[in-house]
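Lettering follows sequence order; numbering is per chain, from 1.
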2 protein chains.
Amino acid sequence: MTENSPPADTGTHRPRRSEATRAAILRAAVARFAADGYERATIRAIARDADIDPSMVMRYYGNKEGLFRAASEIDLRMPDFAGVRAEEAGEALVRHFLQRWEEDGSLAAMLRVGLASGLDEGRQQALLEGQVGPAVARFCAVPAEIPRRTALVASQVLGMAVLRYLLEVPTVTSMTHDEIVAWLAPTVQRYLTAETA
Amino acid sequence: MTENSPPADTGTHRPRRSEATRAAILRAAVARFAADGYERATIRAIARDADIDPSMVMRYYGNKEGLFRAASEIDLRMPDFAGVRAEEAGEALVRHFLQRWEEDGSLAAMLRVGLASGLDEGRQQALLEGQVGPAVARFCAVPAEIPRRTALVASQVLGMAVLRYLLEVPTVTSMTHDEIVAWLAPTVQRYLTAETA
DNA sequence: CCGGTAGGTCAACACCTGTTGGCCAACGCT
DNA sequence: AGCGTTGGCCAACAGGTGTTGACCTACCGG
């Protein structure tokens, strides 16, 4: 009954008591978009998941597209690969991606949705340049080659991700991380460090 | 006016004079699904494109999902690679895929839609086994390895296709066929013929 | 000449969607 | 105590959806 009665100030910034709700909406949205895709994920369903009224979603995020934009921000969590030797780069990258995709199911979901309806044009471009690019740069001496090498690495890693996490092709899902690394790491390694053809 | 007045029997099978309409519907459906995705491609729009009534679509294909199933049958048109030497296999495959994707825009579209909402589970699996598999088999002696090698080849080719034709990342779209082949062919070649790790 | 049937249209149904504006309750400040 | 602001809910709107069944029309066999 008395519940918790938090002190008036919960910090230096007044945290807008509704931040909790805002976050709940976003969490529910990510899950719904992930499971159902953009069109099938209805605002009503998201609101129900978050235990609030549909109109609240609009108040907080303006409209459905705004909600989606907020929900589909992807963070690859690329480490800086500081201690990684150049000839281990391919393996390190492939392992990181496998782990990342596996630990965060919403990654696959957001990719699916992103591919489906071209809502966020140029978003993936930014993702490549902003997140994958810097990692590639650490192993690639010639700056001019970075975009292309980044794209090549992405093509292989992304293709594997599509097969394994989106399509869930049995042949691929049944492979172990080590097996995948054994095949993909040399490819990625070549894209990173081989001299230009 | 007189138009063509076909004889009563145009063959052993009576060709159901409506086959023309049926085909028109399907053509419009492919285009619409391609452009707008599954949910946004409305039956009304498809019918309008085909210059018929929406209800005709239902008569011919039962419901929207049936229409989609009919419209999303992908034919990779794999040649038999009879005259291709083993060490040219990678290049031959990559070139074929590039050409195929380029000449038939609906391929990309259908992939997009197929990825979006898991309507056709196991469909891509069948596509791999039925169409890519046999091509791989021609260059792979050990039958047991075919599924896995097929999947690996697919991962690279498909990843490139996603970047180039779905996401249309500038870095990738600006590459020439020869450049792509130069990078991808060795990878595919290795997936086809390298000894198991 | 005439009736059946295939191909096609029309109008409507029932439903669900994103979105909006008005109303209510609780809280913090003065 | 009183007041404004904030967070939240309710009910409704306008529009678009897949889908259905009744109706029409021209052809073709007998």
Side-chain angles (χ1 to χ4, degrees), chain A residues 1-26 28-29 32-33 35-71 113 117 119, chain B residues 1-11 13-26 28-29 32-33 35-71 113 116-117 119:
Chain A
M1 294 297 181
T2 60
E3 198 61 39
N4 54 351
S5 53
D9 60 328
T10 53
T12 50
H13 304 74
R14 272 174 287 148
R16 297 288 229 88
R17 201 167 142 282
S18 69
E19 281 302 313
T21 306
R22 191 184 181 88
I25 293 176
L26 200 145
R32 274 288 160 183
F33 281 134
D36 302 340
Y38 182 76
E39 326 274 349
R40 291 195 161 156
T42 77
I43 288 195
R44 283 173 164 86
I46 292 170
R48 206 177 318 125
D49 288 0
D51 272 315
I52 43 97
D53 190 88
S55 64
M56 285 290 93
V57 177
M58 311 304 289
R59 277 200 182 275
Y60 280 111
Y61 292 95
N63 56 16
K64 189 177 182 181
E65 188 177 338
L67 210 211
F68 174 70
R69 287 199 126 74
V113 178
S117 56
L119 266 181
Chain B
M1 292 301 180
T2 59
E3 195 65 32
N4 52 351
S5 54
D9 59 328
T10 53
H13 302 74
R14 272 172 289 149
R16 298 292 228 87
R17 197 168 144 283
S18 69
E19 281 303 313
T21 306
R22 191 184 182 86
I25 294 176
L26 200 144
R32 274 288 160 182
F33 281 133
D36 302 341
Y38 182 76
E39 326 274 349
R40 293 196 160 153
T42 78
I43 288 194
R44 283 173 165 86
I46 292 170
R48 205 177 321 127
D49 288 0
D51 272 314
I52 42 97
D53 191 88
S55 63
M56 284 289 92
V57 177
M58 313 302 290
R59 279 202 182 274
Y60 280 111
Y61 292 95
N63 56 16
K64 188 177 181 180
E65 188 176 338
L67 210 211
F68 175 70
R69 287 198 125 76
V113 178
S117 55
L119 265 182

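- Proximity of residues 43-56 of chain A to DNA chain C (heavy atom under 4.0 angstrom from any strand atom) is restricted to I43(A), R44(A), S55(A).
- Ring orientation note: the planes of Y38(A) and F33(A) are close to parallel, at an angle under 30° on the 30°/60° scale.
- Distance Y61(B) OH to dT19(D) P: 15 Å, rounded to the nearest Å.
- Counting heavy atoms from C-beta outward, D49(A) and R32(A) have side chains that approach closer than 4.5 Å.
- Checking dG8(D), dG18(D), dT19(C) against every side-chain atom of T42(B), the shortest atom distance belongs to dG18(D).
- In this structure, K64(A) places its NZ atom 15 Å from P of dT20(C), rounding to the nearest Å.
- In this structure, R22(A) atom CZ and dG8(D) atom P are separated by 12 Å, rounded to whole Å.
- Going from atom CG of L67(B) over to atom C1' of dT19(D) covers 13 Å, rounded to whole Å.
- One side chain, S18(B) or Y60(B), offers a donor N or O that lies under 3.5 Å from an acceptor on the other.
- For T21(B), a side-chain nitrogen or oxygen approaches OP1 or OP2 of dG8(C) to under 4.0 Å.
- Following rounding to the nearest Å, Y60(A) (OH) and dT6(D) (P) show an atom-to-atom distance of 11 Å.
- Judged by distance alone, with hydrogens and angles left aside, the side-chain atoms of Y61(A) form a donor-acceptor pair with the main-chain N or O of R22(A) at under 3.5 Å.
- Fit an axis to the five pairs at each end of the helix from dC1(C)-dG30(D) to dT30(C)-dA1(D) and the two axes sit 10° apart, to the nearest 10 degrees.
- Nearest heavy atom pair, residue A50(A) against residue A24(A), reads CB-O, 3.9 Å.
- The backbone N or O of A41(B) sits less than 3.5 Å from a side-chain atom of K64(B), completing a donor-acceptor pair.
- Inter-residue side-chain proximity for L67(B) and M58(B) is flagged as unmet; no heavy-atom pair is nearer than 4.5 Å.
- At whole-Å resolution of the value, CZ in R59(A) and P in dG22(C) are 11 Å apart.
- Between E65(A) atom CD and dT17(C) atom P the separation is 19 Å, expressed in whole Å.
- The closest side-chain heavy-atom distance from V57(A) to I52(A) is below 4.5 Å.
- Protein atom CE of M58(A) is 6 Å distant from nucleotide atom C1' of dG18(C), rounded to whole Å.
- Remark: D53(B) CG to R59(B) CZ distance equals 10.0 Å, nearest 0.5 Å.
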